[in-house]
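Please read all numbers here as calculations on a predicted model, not as lab measurements.
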Amino acid sequence: MPLDIEEFRKAGYKAIDRICDYYYSLHAKPVVSQVQPGYLREALPENAPEHGEDFDNVQDDYQKLIVPGLTHWQHPSFFAYFPTACTFEGILGDLYASSTSNPGFNWACSPACTELEAVVMDWTAKLLGLNPEFYNTSGRGGGVMMTSASDSALTAIVAARSRFIRLNPTIPLNNLVIYVTSQTHSLGLKAGLVLGLQVRVLDVKEEDAFALRGESLRTVIEEDREKGKRPFILVVTVGSTSSGAIDRIDEAGHVLKEYPDIWLHVDAAWAGMTLVCPEFRERAQLEAINEYATSFCTNFHKWGLVNFDASTLWVRDRTLLTDALDITPEFLRTKHGDEGTVIDYRNWHLGLGRRFRSLKVWFVLRSYGAEGFRGYIRKCISLNNQFASYIRDSPDFAFVTQPSFALTVFRLEPKMPEPLSLQSLNSLNRIFYSRLSARHDVLLTQTQLNGVFCIRLAVGAARTDDTHIKHAYDVMVEEALVAINTWRETLPAATD
Ligand SMILES: *Cc1c(COP(=O)(O)O)cnc(C)c1O
């Protein structure tokens, strides 16, 4: 039965009460959902109800059926993938935004949506230390909020392709190549699939901490151009998902000066938020980003205290987006749009309608203040340093690559009379990881770096503190012991 306003008020209070209870009890829940595949289909009727139900029952079923099937990304012992810190301010921002359900595709459809976004993107650009050329107030560059970093990259790649074709109208599309590295997020390969374009994956080396170097970029460009292939965009990363690698944007940018038709997109989806702290700007290559990036992306919805979704994309020249994406049928024309006095954000990305995402970002930035926001980033990095110091001091664990901001990539590497081969270490670590992932009280993820199987610990949940870091390490020590024994049993007697 549809809720009326007063019933909504009551149901809304109840929902907020339950969300508060969820947060009170979160630390005591298993991090990982314990359900089996198909559990929900079994629990739910085959068809939507013919007659409306009492909403109280619906809310109760959320508690009973849905919550047990959730993995708790806000749990203080969630160390998997990447941070997705969420805040009450962000939740309330989304609540208000969805309460008016506004597709905000142009200025006229709700001036506040466009104007707040333009302001919040400028606030953020300043917090991150981006060059004024990227501000919306510059009138030339500007920032826009997107669904995800994948979406931001795809949009940049579409715009880069358009620009390249305008500059080189005789080059067949078949010859165009997207450049990524082996550490780039899968968004590069995905964009290649979507656009039907070739993607070249550039190798990076362990001794460079998996960063792209200028010389190898130059070699590959020359090699490709000789074959008639034409790279038109390079996606570089600040803080790769897998290993936290930071490409040498300074070197890449320097090489690309000789190839001005190649767009440089900087994907800093999780680590970009470190730029709010002046002490991390050098490591995150702010200077090179400001000098060379054609576009820059980071996500509030990862390490930025804002609940999913809120990705941000800045370009140095907004006409690069609008030249590629502006289609204005008669029914979307407006006086201000025609006059060019307002931003029509629908021309800056692929979709038409868009969520009012800037509201939650505005709430969070005002409630935390720049200082509180920096404090959160610093806290996460210092917690990761704590974990890294345990690994450094342990005789049984070793870094696979140096810790990067709030991410540590390591493996079990016990001292043995004979050093273990890569293959042995990989099989030992697979056993170790399968034990870790059977635990319910912590969650970490695995990765592979140039053939080395490794384990990642990513800090970022808003409620993680030093006790959770210590507990995670204790769990590792405990499981490592068992893993080493199990692994020994798999060895042929002669080589034991
Ligand atoms: C997580 C991540 C992405 C993907 O982010 P979405 O917003 O989910 O698309 C892209 N790049 C890097 C470096 C990431 O860590």
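Residues Phe399 and Phe410 place their aromatic rings such that the two centres sit no closer than 6.0 Å. For Trp270 and Phe82, the gap between ring centers reaches or exceeds 6.0 Å. Taking the six-membered ring wherever Trp is involved, the centroid distance between the rings of Tyr345 and Trp107 does not fall below 6.0 Å. Ring centroids of Tyr179 and Phe232 are separated by 6.0 Å or more, keeping the two rings apart.
Residue pairs meeting the side chain to side chain donor-acceptor pair (under 3.5 Å) criterion with at least one partner in residues 192-203, sequence neighbours excluded, are Gln198-Lys229, Arg200-Glu223, Arg200-Asp224. Applying the side chain to side chain donor-acceptor pair (under 3.5 Å) test to residues at least two apart or on different chains, the pairs with a partner in residues 251-268 are Asn168-Asp261, Arg213-Glu251, Arg218-Glu258, Arg230-Asp261, Arg248-Glu251, Trp263-Ser295, His265-Ser295.
Thr319 is linked by a side chain to side chain donor-acceptor pair (under 3.5 Å) to Asp317, counting only residues two or more places apart in sequence or in another chain. Contacts of His75 classified as ring pair (Phe, Tyr, Trp, His ring centres under 6.0 Å), with partners at least two apart in sequence or in another chain: none. Scored by the side chain to side chain donor-acceptor pair (under 3.5 Å) test, Lys470 finds Asp474 as partners (sequence neighbours excluded).
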Should Ile343 and Arg318 be marked as a side-chain contact (heavy atoms from CB on, under 4.5 Å) after you check the CA-CA gap, both sets of side-chain angles, and the distance that decides it? CA-CA 10 Å; Ile343 291 178; Arg318 64 180 73 171; 3.9 Å; yes
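The backbone N or O of Leu444 lies less than 3.5 Å from a partner atom in the side chain of Tyr433, making a donor-acceptor pair. The backbone N or O of Arg140 sits less than 3.5 Å from a side-chain atom of Ser138, completing a donor-acceptor pair.
Using a cutoff of 4.0 Å between basic side-chain nitrogens and carboxylate oxygens, Asp396 and Lys415 are not scored as salt-bridged.
No cation-pi contact links Arg316 to Trp314, judged by a cut-off of 6.0 Å to the six-membered ring centre and 45° from its axis.
When the shell of 6.0 Å around CD of Glu371 is examined, it contains 12 or fewer heavy atoms from other residues, nucleotides or ligands.
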Enumerate donor-acceptor pairs with a distance under 3.5 Å from any side-chain N or O in residues 286-293 to protein atoms, sequence neighbours excluded.
from: Asn290; atom 1: OD1; to: Asn131; atom 2: N; distance (Å): 2.7
from: Asn290; atom 1: ND2; to: Gly129; atom 2: O; distance (Å): 3.0

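For the atom pair CD of Gln386 and CG of Leu383, the computed distance is 6.0 Å after rounding to the nearest 0.5 Å.
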